[in-house]
Every structure is written in C-alpha cells, then in structure tokens.
Enquirer: 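Have a look at this one.
Below, read A as the first sequence line, B as the second, and so on, with proteins coming before strands; counting in each chain starts at 1.
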Amino acid sequence: MVKIKELKDFNLDHIFNCGQCFRWVREGDGSYTGIAFGKIVNMKTTPGRTMVDLEIDHADQDDFEKIWKHYLDLERDYGEIKKQLSKTDSVMAKAIEFGYGIRILNQDKWETIISFLISQNNNIPRIKKCIDALCENFGEYIGEYRGKKYYDLPKPQRLSRLSIDDLAKCRLGYRAKYIIETAMQIEKEGIGETFEYLTTLCGVGPKVANCILLFSMEKADCFPIDVWVKRVMNQLYGIAEEDTNAMLEYSKKNFKEYGGIAQQYLFYYIREGQNKVDEEVRL
DNA sequence: TCGCAGGTGGTCG
DNA sequence: CGACCACCTGCG
C-alpha cells in the first residue's frame, strides 16, 4: 500500500469516467480497481474537493515511482492549465468547475489502440465487455486480487495469429477484422507515434488516432471530435455539427497546446452533467 | 421492431 | 475529394 498526500486537482470519478479508459471498475466504497502495465491495484482517496490523499493498494513505492506517478499524470500542474483554460470563455470555466479533478492518463499505447478501435460506433458497456473478453480469452494470466482473476490484454503477436472465427466469442462484430489487421501491421512495423502513421492502421480514422495520441502519447493538443464533442461545441459555441474543421480551429486558437485536456472537460461536462447546457452559459 | 451507440472504409459523382 | 452508407451487436 502506497499513500500519496495532498493531491490537488484530482478526483477518481472524474478520471475514470471521462471516457479515456475502459478497464477500471468502481467498487461500493467509491474506490476503483483496475489494471495497467500488468499491475492490478485498487485506488481510493479521502473525501474533499480541493485536496485529497490517495491510497494505492497492492502497490509499493517502487511501483508508484515507476508506473502510477506517470500513469496518473501527477507531474503535470493542472492548476495552471485550468487557470489558463478558464480564461478562454465562460463555458470552459463552467466545464472545468464541473470536472475539476480530471487528469489525462498516460496509458499503454497498444491497449489504447485496441480500446479505441473497439469504441467506434459502439457504446461504453459493450466496449468494456469486448475488452474484458479479449483479455480473458487470449490474455496472459496476471494474478488474483480480492478474489478475482485478472488477465492482461493480449499482445500484437498473439492477436495477429487469430482468425475472425477465433475472435467471434469476443463479440467484436466487424471490428474483429480491424484488430487482426492492426495487430499484424504493428507486429511488423512497431507503433508509430504520429497522426499520419496511426491513420494507416486498419480501422483507425481521425477520431481514434487523436484519442490514441492524447491518451497514450502525451499529445495534449490533440482534439478528438466525436458525437458528444460535436454536440457540445454546437450547443456552447454555435458551431455547425458537421463542421469539424471549425471545431479544430476553435480549439487551436483558444485552447492551444491544451486542446485535448479542454476536450475532456467539455466531454465530461456534456456527458456526465445535465446532458445539455443551460441557456445562461451558452456563448 | 427498429433506431442507435464515443467512426471508418468503400464506393460513388 | 466530398458526400453518402453499410456495418456487428445488444439494449431500450
């Protein structure tokens, strides 16, 4: 068990429910159990809005320094980012107030590719089921924690050797083909870290590529545009829903190097908030 | 029963 | 090169 004292701008519900990850489960006590980089842990914080203490169970100080500190993006000063973004407009200020504890996780690249490949034209409960099925059917056994067995996400060289039939039990639908093809390409070429490279992968378009860059390659300026972001940018800023170019320009001009972080505040606000925006905050 | 869900690839004009 | 449109699956 590791304890980290006095974290600011940190809330587990915000972090694990803002749509960036799919493998963390909320427990009855408000803690989260999950797996990343082959380690199973449970995270829990003390109550509080401005400052909390974090407990990571099933981890030691060494794990914290090597894995969790960076995974949770604790080196980054969100206070400063929030201050800067809040100044851009009143809508963003409101979204930040709502999702004050969001942090962009630094996730495993391969896991992020697979996760967002599966996410396309899909809903969150089913995305989670698909990923769990991949792990349980084809992933390496990692260990048992609090009575539950955990399996890692299968590596590219494992998935590349599977057939569509093999993957049928994972209920991936037409995405099964994308996963096999992408696994084969990455086994051969490794993982490139640019938008141009990622969009050469089968099943990876602009939205998924930007999610991969933002959530696993430290590109905080990448601005993934999905239906929710279209919705919120339309409601808040009056940009036409089909005009993704105008949205990208808005982000670049106003949110600058923190476009991706701004996107997360907006996404969480529209998704977890009242699901539509009050007249008063609309610009 | 049918539309829809955190898009993308293929196919037209 | 932009505008459709089909697509696995499960849920309401």
Enquirer: Suppose we screen for salt bridge (Lys or Arg N to Asp or Glu O under 4.0 Å). Which residues come up paired with R161(A), at least two apart in sequence or across chains?
Expert: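 Testing R161(A) for salt bridge (Lys or Arg N to Asp or Glu O under 4.0 Å), a comparison that skips the adjacent residues, returns E187(A).
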
Enquirer: Determine whether the side chains of Y71(A) and D108(A) contain a donor N or O and an acceptor N or O closer than 3.5 Å.
Expert: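 Checked: Y71(A)/D108(A) side chains show no N/O donor-acceptor pair below 3.5 Å.
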
Enquirer: Looking for any heavy atom pair under 4.0 Å, which part of the strands does L201(A) touch: base, sugar-phosphate only, or nothing?
Expert: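 The answer is sugar-phosphate, as L201(A) gets under 4.0 Å only of primed atoms, P, OP1 or OP2.
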
Enquirer: With heavy atoms of chain A within less than 4.0 Å as the criterion, where does contact along DNA chain C begin and end?
Expert: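 Terminal contacting nucleotides, 5' to 3': dC7(C) to dC11(C).
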
Enquirer: Using whole Å, report how far CZ of F267(A) lies from P of dA5(B).
Expert: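 Value for this atom pair: 12 Å.
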
Enquirer: Starting at atom CD of E241(A), determine the distance to atom P of dG6(B), rounded to an integer number of angstrom.
Expert: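 Going from E241(A) (CD) to dG6(B) (P), I get 14 Å.
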
Enquirer: Taking salt bridge (Lys or Arg N to Asp or Glu O under 4.0 Å) as the test, write out the residues that go with K207(A), two or more places apart.
Expert: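 Counting only residues at least two positions away or on another chain, K207(A) forms no salt bridge (Lys or Arg N to Asp or Glu O under 4.0 Å).
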
Enquirer: Please set out all donor-acceptor pairs under 3.5 angstrom arising from side-chain atoms of residues 211-221 of chain A, sequence neighbours excluded.
Expert:
| from | atom 1 | to | atom 2 | distance (Å) |
| --- | --- | --- | --- | --- |
| S216(A) | OG | I212(A) | O | 2.8 |
| E218(A) | OE2 | H70(A) | NE2 | 3.2 |
| K219(A) | NZ | M217(A) | O | 3.4 |

Enquirer: Can you check whether V229(A)'s main-chain N or O pairs, donor with acceptor, with D226(A)'s side chain at less than 3.5 Å?
Expert: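 Pair found, side chain donor or acceptor close to backbone of V229(A).
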
Enquirer: Counting N and O atoms only, with roles assigned by atom type, does the side chain of T182(A) sit under 3.5 Å from a partner on the main chain of I179(A), one being a donor and the other an acceptor?
Expert: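 Not a single qualifying donor-acceptor pair exists.
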
Enquirer: So H14(A) and Y268(A), would you call those rings parallel, tilted or perpendicular, with 30° and 60° as cut-offs?
Expert: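 It falls in the tilted class, 30° to 60°.
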
Enquirer: On the six-membered ring of Y150(A), is K148(A) placed so that its NZ or CZ lies under 6.0 angstrom from the centre and within 45° of the ring axis?
Expert: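 Yes, a cation-pi geometry holds between K148(A) and Y150(A).
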
Enquirer: Near DNA chain B, which residues from residues 120-134 of chain A have a heavy atom under 4.0 Å away?
Expert: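 Q120(A), N121(A), N122(A), N123(A), I124(A) - these, ordered by number, are the residues of the stretch whose heavy atoms sit under 4.0 Å from the strand.
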
Enquirer: For residues S160(A) and Q185(A), is any side-chain donor paired with an opposing acceptor at under 3.5 Å?
Expert: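 No, because no side-chain N or O of S160(A) sits under 3.5 Å from a partner of the opposite role on Q185(A).
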
Enquirer: Does D53(A) use its side chain to pair, donor to acceptor, with the backbone of E6(A) at less than 3.5 Å?
Expert: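 Pair found, side chain donor or acceptor close to backbone of E6(A).
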
Enquirer: So for Y174(A) and dG9(B), does any side-chain atom that can act as donor or acceptor lie under 3.5 Å from a complementary atom in the base?
Expert: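 Check fails, no donor-acceptor contact within cut-off.
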
Enquirer: Rounding to a whole Å, what distance do you find between Y268(A):OH and dG6(B):C1'?
Expert: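 These atoms are roughly 16 Å apart.
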
Enquirer: Is it true that the side chains of D89(A) and Y250(A) contain a donor and an acceptor less than 3.5 Å apart?
Expert: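 Side-chain D/A pair, D89(A) to Y250(A): present.
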
Enquirer: Just how far, in rounded Å, is P of dG6(B) from CG of L214(A)?
Expert: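 So the two atoms are 18 Å apart, to the nearest Å.
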
Enquirer: Grab the N/O contacts between the protein and nucleotides 10-12 of chain B below 3.5 Å, and write none if there aren't any.
Expert:
none

Enquirer: Excluding sequence neighbours, so at least two apart, what forms salt bridge (Lys or Arg N to Asp or Glu O under 4.0 Å) with D166(A)?
Expert: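 So D166(A) forms no salt bridge (Lys or Arg N to Asp or Glu O under 4.0 Å) with any residue.
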
Enquirer: Identify the pairs formed between an N or O of the protein and an N or O of nucleotides 1-3 of chain B at a distance under 3.5 Å, and give each distance.
Expert:
none

Enquirer: Examine the side chains of N42(A) and Y145(A) and answer whether a donor and an acceptor come within less than 3.5 Å of each other.
Expert: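 N42(A) vs Y145(A): no donor-acceptor pair found between side chains.
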
Enquirer: Could you tell me which residues satisfy ring-ring contact (aromatic ring centres under 6.0 Å, His included) with Y141(A), sequence neighbours excluded, listed by chain and number?
Expert: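 Partners of Y141(A) under the ring-ring contact (aromatic ring centres under 6.0 Å, His included) test: Y151(A).
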
Enquirer: Round to a whole Å and report the spacing from CG of L198(A) to C1' of dG9(B).
Expert: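 These atoms are roughly 17 Å apart.
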
Enquirer: Using Watson-Crick and G-U wobble pairs with both distances under 3.5 Å, what is the 5'-to-3' dot-bracket string of DNA chain C, with [ ] for crossing pairs and | for pairs outside the strand?
Expert: |||||||.||||

Enquirer: Measure the spacing between CG of D57(A) and NZ of K3(A) and express it to the nearest 0.5 Å.
Expert: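 Output value for this atom pair is 11.0 Å.
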
Enquirer: Of all of residues 203-210 of chain A, which get a heavy atom below 4.0 angstrom from DNA chain B, listed by number?
Expert: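 Per residue number, the list reads G203(A), V204(A), G205(A), P206(A), K207(A), V208(A).
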
Enquirer: Please give, in whole Å, the distance from dA5(B) C1' to K230(A) NZ?
Expert: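 About 13 Å, once rounded to whole Å.
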
Enquirer: Verify the distance criterion only: is there a donor paired with an acceptor across the side chains of S31(A) and D29(A) at less than 3.5 Å?
Expert: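 Yes, because at least one side-chain N or O of S31(A) sits under 3.5 Å from a partner of the opposite role on D29(A).
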
Enquirer: Classify the ring geometry of W24(A) against F16(A): parallel below 30°, tilted from 30° to 60°, perpendicular beyond 60°.
Expert: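 Ring orientation of W24(A) relative to F16(A): parallel.
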
Enquirer: Please tell me which of C211(A) and C202(A) maps to the more 5' nucleotide of DNA chain B, matching each residue to the nucleotide holding its nearest heavy atom.
Expert: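 In this pair, the answer is C211(A).
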
Enquirer: For K230(A), which residues count as a salt bridge (Lys or Arg N to Asp or Glu O under 4.0 Å) partner, sequence neighbours excluded?
Expert: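 Expected list: none.
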
Enquirer: Can you check the distance between dA3(C) and dG6(B), where both ends of the measurement are the C1' atom (answer in whole Å)?
Expert: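 dA3(C) and dG6(B) have their C1' atoms separated by 22 Å.
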
Enquirer: For the pair K82(A) (side chain) and Y100(A) (backbone), establish whether a donor and an acceptor sit closer than 3.5 Å, ignoring hydrogens and angles.
Expert: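 Indeed, once roles are kept as given, a pair shorter than 3.5 Å links the two residues.
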
